[in-house]
Structure formats: structure tokens, C-alpha cells
Amino acid sequence: MNAYKRLKSLRKSRNLSQKEMGELIGTSGNYYGDSENGKRDIPISRMKILADYFEVSIDYLIGVADSKTETRQYSMSTQQMIDSYLQLSERNKGKVEQLIADLLESQK
């Protein structure tokens, strides 16, 4: 199951609207709906909120793990990068997320 279908399935399992999901992650229902339909990516900080809410791993949410609690094993350098990211302020996390999005777009 791809990530977008997984988000929709989890939302429906709790009988929540897209508007309620948007409120949960601090955005609009339209923004969340675009994410659920594959038109927009959800930043990592908001994915963490969803993972915590649904009690699943982020790997499960994004479709790289089939088990709700399974997580990927990362190299030491990747884990250090993740740990560093988690120590950033919300503002700086947003900057990192935007930089990654810009790099991915320019890579296409």
C-alpha cells in the first residue's frame, strides 16, 4: 500500500475528516487532503505527529515498512543526521525540510 492510501486508511479507521486531520497537524483540511491525494508532501515534523497519533512508525506511514511498528535500520551517519535534525527548533526544521524539497525538485 502506498503512503497516500495508508494515510487515508488510518484516517478513516478513526472516523476523522480531512479537516480534523489538518487541525491535528496544524494546517488546513485542504492541505491535508492534498497530502492524502499525493499532491503535496507532509513535512517530517508533521509526519511525527501523525505517527504518534496513530501509534505507528514513520516508516509505516511512508510505505517503506509493512508492519506498523517496524523501523528501518540506518547507518551511523544517517542516524546522526536524524538526531541532529530532531534537536533543531521548529523554524530550523522547516528550513531543512524546504531545502530538501528544493534539492529533490532540482534533481528531477
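By convention here, the first residue in the shown sequence is residue 1.
Looking at Asp102 and Gln98, their side chains do bring a donor and an acceptor atom within 3.5 Å of each other.
For the pair Arg6 and Phe54, the cation-pi criterion (under 6.0 Å, within 45° of the ring axis) is not fulfilled. At least one cation-pi condition fails for Lys19 and Tyr32: the charged atom is not both under 6.0 angstrom from the six-membered ring centre and inside a 45 degree cone around its axis.
Scanning both residues, Pro43 and Tyr31, for their nearest heavy atoms gives CD-OH, 3.3 Å. Considering every non-hydrogen atom in both Ser45 and Glu90, the closest pair reads CB-OE1, 3.8 Å.
For the atom pair CG (Leu61) and NZ (Lys48), the distance works out to 11.5 Å, reported to the nearest 0.5 Å. Note that the CG atom of Asn30 and the NZ atom of Lys39 stand 10.0 Å from one another [nearest 0.5 Å]. Atom CG in Asp52 sits 11.0 Å away from atom OG in Ser57 (nearest 0.5 Å). To the nearest 0.5 angstrom, Ser17 atom OG is 7.0 Å from Arg11 atom CZ. A distance of 12.0 Å separates CD in Gln87 from CG in Asn92, rounded to the nearest 0.5 Å.
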From CA spacing to verdict: side-chain contact (heavy atoms from CB on, under 4.5 Å), Leu24, Leu16: CA-CA 10 Å; Leu24 176 71; Leu16 297 170; 5.7 Å; no
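No side-chain heavy atom of Lys93 sits under 4.5 Å from any side-chain heavy atom of Ile44. Inter-residue side-chain proximity for Ile100 and Tyr85 is flagged as unmet; no heavy-atom pair is nearer than 4.5 Å. Inter-residue side-chain proximity for Lys95 and Leu99 is flagged as unmet; no heavy-atom pair is nearer than 4.5 Å.
No continuous path of ILVMFWY side-chain contacts below 4.5 Å connects Met21 to Tyr4, so the two sit in separate hydrophobic clusters. Hydrophobic clustering (ILVMFWY, side-chain heavy atoms < 4.5 Å, transitive): Met81 and Met47 are in distinct clusters.
With hydrogens and angles ignored, the 3.5 Å screen pairs a side-chain donor or acceptor of Ser13 with a backbone N or O of Leu10. Between the side chain of Arg46 and the backbone N or O of Ile25, at least one donor-acceptor pair lies under 3.5 Å.
Around atom CG of Asp41, no more than 12 heavy atoms belonging to other residues, nucleotides or ligands sit under 6.0 Å away.
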